[in-house]
J.: 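Below is one structure. I have some questions about it.
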Amino acid sequence: MKRRLFLTLIAAATATSATMIAAPVAQAADDVKIGFLVKQPEEPWFQDEWKFAEMAAKEKGFTLVKIGAPSGEKVMSAIDNLAAQKAQGFIICTPDVKLGPGIVAKAKADKLKMMTVDDRLVDGSGKPIESVPHMGISAYNIGKQVGDGIAAEIKKRGWDMKDVGAIDVTYEQLPTAHDRTSGATDALVAAGFPKANIIMAPQAKTDTENAFNAANIALTKNPQFKHWVAYALNDEGVLGAVRAAEGRGFKADNMIGIGIGGSDSAINEFKKPNPTGFYGTVIISPKRHGEETSELMYAWIKDGKAPPPLTLTTGMLATRENVASVRQQMGLASN
């Protein structure tokens with residue numbers, strides 16, 4: 001009898017010990033930690049992505065680790081850092097898409113799930129790495145929105161298209177830039193705009209100053225046009241073209257520029273007392289790119305449900321008349 005009681009007590013103690021050991025392990029399995037790496041942490045777009053990712057973290061109860069990684073070296077270091085913190089996965093907007101094979105190999109070595117946002121990784125031959133889930137912007141379709149918007153405004157103003165020149169501020173080194181401006185060009189041509197009137201203006205960097213210089217050359221070489229329109233990779237490129245056109249006497253009545261991004265620069269342009277040649281911007285929302293990617297990564301880690309291989313988002317055209325409404329619809333705070 002005593003022996004039986006002793007064995008029962010031993011069994012109970014063993015079961016209790018097993019439960020105490022297993023509890024922290026189970027708890028650790030429930031602690032989800034996700035990294036969110038961006039190439040330009042100082043940019044408002046990435047700040048907003050982080051903000052919406054934090055909303056997802058608060059709602060789902062996971063830990064979000066925000067890391068700025070503006071170079072390949074910092075990307076690799078950040079991935080190792082996440083592994084050391086026992087993170088299970090990360091989302092990344094890489095500073096260079098050609099780092100793709102190295103980033104994938106590093107994530108695999110550190111046993112981290114990964115997905116990309118905004119810029120899609122490419123392999124050694126420049127093809128998208130389809131094994132990595134990606135949420136990006138449909139660059140071509142957003143470009144088409146720009147072209148459609150310009151064409152509609154040309155018709156609304158009653159301009160004869162043969163008298164209109166189009167400044168295509170290009171940056172062919174970046175596939176996204178190529179796709180955006182190509183989309184705008186195709187939409188304009190489809191609307192009846194003469195292709196010969198589209199002047200390519202290559203910029204050295206994707207900022208306002210370089211776009212201004214590129215547009216100035218286009219304006220100088222083509223004095224025959226009565227009106228001008230402009231499009232580019234982003235708002236900054238179009239603003240550069242608008243400033244250059246202003247210097248040649250083309251004001252709001254004779255200039256239509258539509259940018260992409262809904263940047264602070266664009267919003268400030270709308271706030272000016274008098275309209276300028278910067279007519280509109282296609283606003284792209286960081287909400288899905290920050291919040292939804294984080295939720296998808298969480299579900300992948302927690303439930304084993306992998307994100308869709310490819311998700312592409314678009315934007316909405318905002319002008320000074322409707323910018324507040326568009327920003328609200330896109331989940332952005334009013335300025």
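Note that this is a predicted model, so its numbers are computed, not measured.
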J.: Using a 3.5 Å distance criterion without hydrogens, assess whether the side chain of Thr63 forms a donor-acceptor pair with backbone atoms of Lys33.
T.: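 Flag not set: sc Thr63 to bb Lys33 has no pair under 3.5 Å.
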J.: Using a 3.5 Å distance criterion without hydrogens, assess whether the side chain of Asp303 forms a donor-acceptor pair with backbone atoms of Lys305.
T.: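 No; judged by distance alone, with no hydrogens or angles, the pair does not exist.
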J.: Using a 4.5 Å cut-off on heavy atoms from C-beta on, say whether the side chain of Met316 contacts that of Val282.
T.: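 Contact flag for Val282/Met316 side chains = no.
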J.: Yes or no on side-chain contact (heavy atoms from CB on, under 4.5 Å) for Leu99 and Leu121, after CA distance, side-chain angles and deciding distance?
T.: CA-CA 7 Å; Leu99 293 170; Leu121 301 177; 5.5 Å; no
J.: Taking all atoms of both residues into account, what is the closest heavy-atom pair of Met76 and Gly102, and its distance?
T.: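 Scanning both residues, the minimum pair turns out to be CE-C, 3.5 Å.
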J.: Would you say the side chain of Leu332 lies within less than 4.5 Å of the side chain of Pro286, judging by non-hydrogen atoms?
T.: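 Heavy-atom side-chain distance check passes, below 4.5 Å.
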J.: Between Thr220 and Arg248, do the side chains contain a donor N or O and an acceptor N or O under 3.5 Å apart?
T.: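 Short answer, yes.
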J.: Kindly compute the distance separating CD1 (Ile260) from CD1 (Ile284), expressed to the nearest 0.5 Å.
T.: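 Output value for this atom pair is 7.0 Å.
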J.: If I take atom CE from residue Met115 and atom NE2 from residue His134, how far apart are they, to the nearest 0.5 angstrom?
T.: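 The CE atom of Met115 sits 8.5 Å away from the NE2 atom of His134.
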J.: So, Asp235 versus Thr281: side-chain donor-acceptor pair below 3.5 Å or not?
T.: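 On atom types as modelled, these side chains qualify, holding a pair under 3.5 Å.
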J.: Is the shortest side-chain heavy-atom distance between Glu42 and Gln47 below 4.5 Å?
T.: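 Glu42 does not reach Gln47 side chain to side chain.
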J.: Which residues pass the side chain to side chain contact (heavy atoms under 4.5 Å, CB included) test with Pro44, sequence neighbours left out?
T.: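 Here the qualifying residues are Asp264.
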J.: Starting from Leu312 and following side-chain heavy-atom contacts under 4.5 Å between hydrophobic residues (I, L, V, M, F, W, Y), which residues can be reached?
T.: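 Leu310, all in the cluster of Leu312.
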J.: As a quick check of understanding, evaluate side-chain contact (heavy atoms from CB on, under 4.5 Å) for Lys287 and Met330, giving each step before the final call.
T.: CA-CA 8 Å; Lys287 188 175 192 296; Met330 300 295 276; over 6 Å; no
J.: If only atom types and distance count, is the side chain of Ser325 paired as donor or acceptor with the main-chain N or O of Asn322 below 3.5 Å?
T.: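 A pair under 3.5 Å: no.
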J.: Could you check Asp80 against Lys106 for salt bridge (Lys or Arg N to Asp or Glu O under 4.0 Å), going step by step and ending with a plain yes or no?
T.: CA-CA 8 Å; Asp80 282 339; Lys106 174 64 74 173; 3.2 Å; yes
J.: In terms of heavy-atom contacts, does NZ of Lys144 have more than 12 from other residues, nucleotides or ligands at under 6.0 Å?
T.: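 No, not enclosed.
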J.: Report, as yes or no, whether the 6.0 Å neighbourhood of atom CD on Glu130 holds more than 12 heavy atoms from other residues, nucleotides or ligands.
T.: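 No, because the 6.0 Å sphere around CD of Glu130 holds 12 heavy atoms or fewer from other groups.
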J.: Drop me the distance from Ile92's CD1 to Ile79's CD1, to the nearest 0.5 angstrom.
T.: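 Reported to 0.5 Å precision, the distance equals 5.5 Å.
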J.: Spell out, yes or no, whether Ile129 and Trp300 are grouped together once hydrophobic residues are joined by side-chain heavy atoms under 4.5 Å, including indirect joins.
T.: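 Not linked; separate clusters.
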J.: Can you find a heavy atom in the side chain of Leu296 that is under 4.5 Å from one in the side chain of Pro308?
T.: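 A side-chain contact exists here, since the closest heavy-atom pair is under 4.5 Å.
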J.: After noting the C-alpha distance and the side-chain angles of Tyr298 and Ile301, does the key distance pass the side-chain contact (heavy atoms from CB on, under 4.5 Å) rule?
T.: CA-CA 5 Å; Tyr298 176 77; Ile301 294 166; 5.9 Å; no
J.: If you compare all heavy atoms of Asp31 against all heavy atoms of Gln88, which two are closest, and at what distance to 0.1 Å?
T.: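 Smallest interatomic distance, heavy atoms only, reads O-NE2, 2.7 Å.
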J.: Under the side chain to side chain donor-acceptor pair (under 3.5 Å) criterion, do Tyr231 and Thr185 qualify, and how do the steps go?
T.: CA-CA 9 Å; Tyr231 52 94; Thr185 296; 2.6 Å; yes
J.: Would you mind reporting whether Asp119 and Lys39 have side-chain heavy atoms less than 4.5 Å apart?
T.: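 With C-beta onward as the side chain, the pair touches.
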J.: If hydrophobic clusters are built by linking Ile, Leu, Val, Met, Phe, Trp and Tyr wherever their side-chain heavy atoms come under 4.5 Å apart, do Ile142 and Trp45 end up in the same one?
T.: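 As far as the 4.5 Å side-chain criterion goes, Trp45 and Ile142 are connected within one cluster.
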J.: Flag yes if Leu188 and Tyr279 sit in one hydrophobic cluster, no otherwise; membership is Ile, Leu, Val, Met, Phe, Trp, Tyr, and two members link when side-chain heavy atoms are under 4.5 Å apart.
T.: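 Looking at the clustering, Tyr279 is in the same group as Leu188.
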J.: For residues 65-74, please give each side-chain donor-acceptor pair under 3.5 Å, one per line with the distance, not counting sequence neighbours.
T.:
| residue | atom | partner | partner atom | Å |
| --- | --- | --- | --- | --- |
| Lys66 | NZ | Glu54 | OE2 | 2.6 |
| Ser71 | OG | Lys74 | N | 3.2 |

J.: For a quick check under 3.5 Å, do Asn210 and Asn213 share a side-chain donor-acceptor pair by atom type?
T.: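 Absent: no donor and acceptor within the cut-off.
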J.: Got a donor-acceptor contact below 3.5 angstrom from the Asn197 side chain to the Val164 backbone?
T.: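 Indeed, once roles are kept as given, a pair shorter than 3.5 Å links the two residues.
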J.: Given side-chain contact (heavy atoms from CB on, under 4.5 Å), test Ile91 with Met114 step by step and report yes or no.
T.: CA-CA 6 Å; Ile91 299 136; Met114 68 170 289; over 6 Å; no
J.: Looking at every heavy atom in both Gly237 and Ala211, which two are closest together, and how far apart are they?
T.: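 Looking at all heavy atoms of both residues, the closest pair is O-CB, 3.2 Å.
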J.: So, for Leu64 and Ala53, which heavy atoms are closest and what is the spacing to 0.1 Å?
T.: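 For Leu64 versus Ala53, the nearest heavy atoms are CD2-CB, 3.7 Å.
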J.: Starting at CZ of Phe36, measure out to CH2 of Trp50 and round the result to the nearest 0.5 Å.
T.: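 One finds 9.0 Å between CZ of Phe36 and CH2 of Trp50.
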J.: Would Glu269 and Lys272 count as a salt bridge (Lys or Arg N to Asp or Glu O under 4.0 Å) here? Give the steps.
T.: CA-CA 6 Å; Glu269 197 75 3; Lys272 291 182 177 179; 3.2 Å; yes
J.: How far apart are the closest heavy atoms of Leu82 and Gly35, and which atoms are they?
T.: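 The pair with the smallest heavy-atom distance is CD2-CA, 3.7 Å.
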J.: For Trp228 and Asn222, run side chain to side chain donor-acceptor pair (under 3.5 Å): C-alpha distance rounded to whole Å, both residues' side-chain angles, the deciding distance at 0.1 Å, then the answer.
T.: CA-CA 10 Å; Trp228 282 97; Asn222 296 276; over 6 Å; no
J.: Is a donor on one side and an acceptor on the other found under 3.5 Å between the side chain of Thr170 and the backbone of Glu172?
T.: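 Answer holds: no.
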J.: Looking only at the side chains, is there a donor atom on one of Asn234 and Arg180 sitting less than 3.5 Å from an acceptor on the other?
T.: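 No, no side-chain donor-acceptor pair sits under 3.5 Å.
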J.: Quick one: do the Ser125 and Asp123 side chains pair a donor with an acceptor below 3.5 Å?
T.: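 There is such a pair between these side chains.
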J.: Determine, step by step, whether Lys162 and Asp160 satisfy the salt bridge (Lys or Arg N to Asp or Glu O under 4.0 Å) criterion, reporting the C-alpha distance in whole Å, the side-chain angles of both residues, the deciding distance to 0.1 Å, and the verdict.
T.: CA-CA 6 Å; Lys162 75 177 190 314; Asp160 188 331; 2.8 Å; yes
J.: Taking NZ, NE, NH1 and NH2 as the nitrogens, is one of them in Asp253 or Lys251 under 4.0 Å from a carboxylate oxygen of the other?
T.: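 Salt bridge flag = no for Lys251 with Asp253.
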J.: Report the distance from atom OG of Ser294 to atom CZ of Arg288, rounding to the nearest 0.5 Å.
T.: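 It comes to 13.0 Å.
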J.: Are Asn254 and Trp159 close enough that a side-chain donor and a side-chain acceptor fall under 3.5 Å?
T.: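 Absent: no donor and acceptor within the cut-off.
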J.: Does one side chain, of His289 or Thr313, offer a donor that lies under 3.5 Å from an acceptor on the other?
T.: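 Judged by distance alone, the side chains do pair up.
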J.: Is there a side-chain contact between Pro307 and Met297, using heavy atoms and a 4.5 Å cut-off?
T.: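 No, side chains not in contact.
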J.: Verify the distance criterion only: is there a donor paired with an acceptor across the side chains of Glu236 and Thr208 at less than 3.5 Å?
T.: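 Glu236 vs Thr208: no donor-acceptor pair found between side chains.
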J.: Find the distance between CD (Glu291) and NZ (Lys51) and round it off to the nearest 0.5 Å.
T.: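 With rounding to 0.5 Å, CD (Glu291) is 10.5 Å from NZ (Lys51).
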J.: Report yes if some heavy atom in the side chain of Ile267 is under 4.5 Å from a heavy atom in the side chain of Val323; otherwise report no.
T.: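 Counting from C-beta outward, Ile267 and Val323 do come under 4.5 Å.
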J.: Can Gln145 and Asn141 be counted as having a side-chain donor-acceptor contact under 3.5 angstrom?
T.: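 Asn141 and Gln145 do not have a side-chain donor-acceptor pair below 3.5 Å.
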J.: Could you tell me if Tyr140 and Asp186 have a donor-acceptor pair between their side chains, going purely by distance under 3.5 Å?
T.: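 There is such a pair (donor and acceptor under 3.5 Å, judged by atom type) between the side chains of Asp186 and Tyr140.
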J.: So if you build clusters from Ile, Leu, Val, Met, Phe, Trp, Tyr with side-chain heavy-atom gaps below 4.5 Å, do Phe270 and Leu239 land together?
T.: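 Phe270 clusters together with Leu239.
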J.: Quick check: closest heavy atoms across Ala230 and Ile150, and the distance to 0.1 Å?
T.: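 Heavy-atom minimum between the residues: O-CD1, 3.7 Å.
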J.: Using the rule that two of Ile, Leu, Val, Met, Phe, Trp, Tyr join whenever any of their side-chain heavy atoms come within less than 4.5 Å, decide whether Ile154 and Ile198 are in one cluster.
T.: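 Yes; Ile198 is reachable from Ile154 via cluster members.
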